[in-house]
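Working notes, beginning with the structure itself.
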Number of protein chains: 2
Amino acid sequence: MARKLSTLDSQRLDNQICFAVYSAAHAFNRVYKPLLDRLGLTYPQYLVMLVLWERDDVPVKDIGEKLFLDSGTLTPLLKRLEAAHLVKRTRSSEDERQVLIALTAQGHALKDKARSVPQSILAASDCSVSELVAMKDEIVALRDRLNAVIGE
Amino acid sequence: MARKLSTLDSQRLDNQICFAVYSAAHAFNRVYKPLLDRLGLTYPQYLVMLVLWERDDVPVKDIGEKLFLDSGTLTPLLKRLEAAHLVKRTRSSEDERQVLIALTAQGHALKDKARSVPQSILAASDCSVSELVAMKDEIVALRDRLNAVIGE
DNA sequence: TCACATTTAATTGTTCGCAATTGAATGTCG
DNA sequence: CGACATTCAATTGCGAACAATTAAATGTGA
């Protein structure tokens with residue numbers, strides 16, 4: 001039954017697995033876009049806000065570790081959030097190397113307006129919560145194995 | 001046992017599912033990077049080459065449909081591949097609106113050099129082929145459901 | 001045939017994402 | 001204390017990704 005995969009097959013297979021993730025990420029982005037437009041956020045900005053809604057007043061580095069992003073991505077993104085009056089950026093007085101990110105009143109208030117987003121995504125997924133949770137766990141496990149290889 | 005998810009929970013859950021995909025895509029990219037650097041390709045460029053290695057001399061639109069990308073992304077990318085002497089871009093004589101993308105000799109030759117890439121990715125995934133195939137199918141199904149919603 | 005819509009790439013402008021570098025602040029070790 | 005390494009954010013440069021627009025070619029219907 002199961003025959004060994006030829007080199008040619010695998011030159012499609014790896015594509016499929018990684019491409020599935022790649023193209024699914026883009027598909028998610030497109031579903032999120034109209035929802036986030038109403039909040040004035042992009043998806044990466046939304047991720048940063050989710051982090052801050054859980055815990056405020058954190059250094060850039062902490063946000064980067066949670067989202068797997070570096071300062072090259074976050075610095076300009078956070079400046080845009082600041083320009084939109086959603087966060088404040090202040091140098092830590094204890095460690096002047098750190099920049100602490102805090103929510104403004106508007107930033108806090110946006111959490112309420114964003115409450116309906118997850119439901120819309122769930123609906124678009126057209127899938128049960130338990131199925132999504134199972135998939136999520138598998139994907140996270142795969143991601144972590146990949147990240148482990150990178151850190152070698 | 002299973003209790004209903006509160007709004008607060010889901011404001012983390014949807015994050016997790018979509019963020020899992022988002023962060024896994026980045027993790028894949030980081031694993032691919034050193035492998036593709038040796039070929040002089042980025043990951044999206046590699047995807048285009050995979051398409052062309054299967055079928056050559058296709059219009060930009062066909063590539064876009066397979067990869068879910070538009071001309072705004074593909075046109076500059078293809079120009080870079082042309083500058084690297086991997087593809088040729090020629091207007092179709094039958095339909096002058098179309099630009100046909102064909103591999104050069106170097107473009108064809110690169111397929112051989114790229115043969116080891118899938119194995120490396122498989123190894124980094126640290127996972128059986130059958131598990132990966134199952135995950136891929138789930139993710140593709142999810143992606144297609146999301147794309148169906150977009151096309152409404 | 002002619003007006004009009006559609007298709008196809010290209011272009012413009014904005015935002016990620018990351019590698020590489022810089023500069024300032026902090027830690028460490030002799 | 002003082003040289004040295006480390007940490008943290010910012011910066012620069014390049015390559016996606018996409019929305020919106022443009023322009024040219026093609027298709028369609030009166």
Side-chain angles (χ1 to χ4, degrees), chain A residues 19 22-34 36-37 39-49 58-65 67-84 87 89-101 147 150, chain B residues 18-19 22-34 36-37 39-49 58-65 67-84 86-87 89-101 147 150:
Chain A
F19 176 62
Y22 167 89
S23 54
H26 290 319
F28 265 121
N29 212 337
R30 288 180 207 120
V31 174
Y32 269 105
K33 181 143 203 323
L36 296 181
D37 275 352
L39 306 177
L41 295 174
T42 65
Y43 180 67
Q45 289 169 5
Y46 174 67
L47 289 179
V48 169
M49 294 303 285
V58 291
V60 174
K61 203 203 176 210
D62 286 21
I63 300 175
E65 281 172 359
L67 301 182
F68 304 98
L69 297 173
D70 68 0
S71 68
T73 301
L74 288 174
T75 296
L77 187 156
L78 290 167
K79 284 183 177 176
R80 278 176 222 116
L81 289 181
E82 189 176 42
V87 306
R89 306 184 318 128
T90 49
R91 288 265 163 203
S92 164
S93 51
E94 290 133 36
D95 185 342
E96 299 245 340
R97 291 170 302 184
Q98 295 185 342
V99 168
L100 298 178
I101 308 299
N147 278 331
I150 295 164
Chain B
C18 179
F19 176 62
Y22 168 90
S23 54
H26 291 320
F28 265 120
N29 211 338
R30 287 178 208 122
V31 173
Y32 269 105
K33 181 143 205 322
L36 296 181
D37 275 351
L39 305 177
L41 294 174
T42 64
Y43 180 67
Q45 289 170 5
Y46 174 67
L47 289 179
V48 169
M49 294 303 285
V58 291
V60 174
K61 202 203 175 208
D62 287 21
I63 300 175
E65 281 172 0
L67 301 182
F68 305 97
L69 297 173
D70 68 1
S71 68
T73 301
L74 287 174
T75 296
L77 187 155
L78 290 167
K79 284 183 178 176
R80 284 188 277 275
L81 288 181
E82 190 176 41
L86 295 174
V87 306
R89 305 184 318 128
T90 50
R91 288 264 162 204
S92 164
S93 51
E94 290 132 35
D95 185 342
E96 299 244 341
R97 291 171 301 184
Q98 295 185 341
V99 169
L100 299 178
I101 308 299
N147 278 332
I150 296 164

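Quick note on labels: first sequence line is chain A, next is B, and so on, each numbered from 1.
Nucleotide D:dC8 holds its P atom 12 Å from the CG atom of A:Leu100, rounded to whole Å. Remark: C1' of C:dG17 and OH of B:Tyr32 are 18 Å apart, rounded to the nearest angstrom. Distance A:Leu81 CG to C:dT15 C1': 12 Å, rounded to the nearest Å. The separation between A:Ile101 atom CD1 and D:dC8 atom P is 14 Å, rounded to whole Å. At whole-Å resolution of the value, CG in A:Leu78 and P in D:dC8 are 16 Å apart. Across the protein-nucleic acid pair, B:Arg89 atom CZ and C:dT11 atom C1' stand 13 Å apart, rounded to whole Å.
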Inset, instruction - Going 5' to 3' through nucleotides 14-25 of chain D, assign each nucleotide B (protein heavy atom under 4.0 Å from a base atom), S (under 4.0 Å only from sugar-phosphate atoms) or - (no protein heavy atom that close). - result: -SSBBS-----B
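Put simply, the side chain of A:Gln98 never gets that close to the backbone of A:Val60: no donor and acceptor are under 3.5 Å apart. Distance alone, capped at 3.5 Å, is enough to place a donor-acceptor pair between the A:Thr42 side chain and the A:Gln45 backbone.
Residues B:Leu41 and B:Leu81 come closest through the heavy atom pair CD2-CD2, 3.9 Å.
Look at B:Lys61 and you won't find any side-chain N or O under 4.0 angstrom from OP1 or OP2 of C:dT6.
Side-chain proximity of A:Gln98 to the nucleotides C:dA9, D:dC8, C:dT11 is greatest for D:dC8.
Between B:Glu96 and B:Arg91 there is no salt bridge, since no side-chain nitrogen of the basic residue lies less than 4.0 Å from a carboxylate oxygen of the acidic one.
Aromatic ring centres of A:Tyr22 and B:Phe28: separated by at least 6.0 Å.
The distance from atom CG of B:Asp70 to atom OG1 of B:Thr73, rounded to the nearest 0.5 Å, is 4.5 Å.
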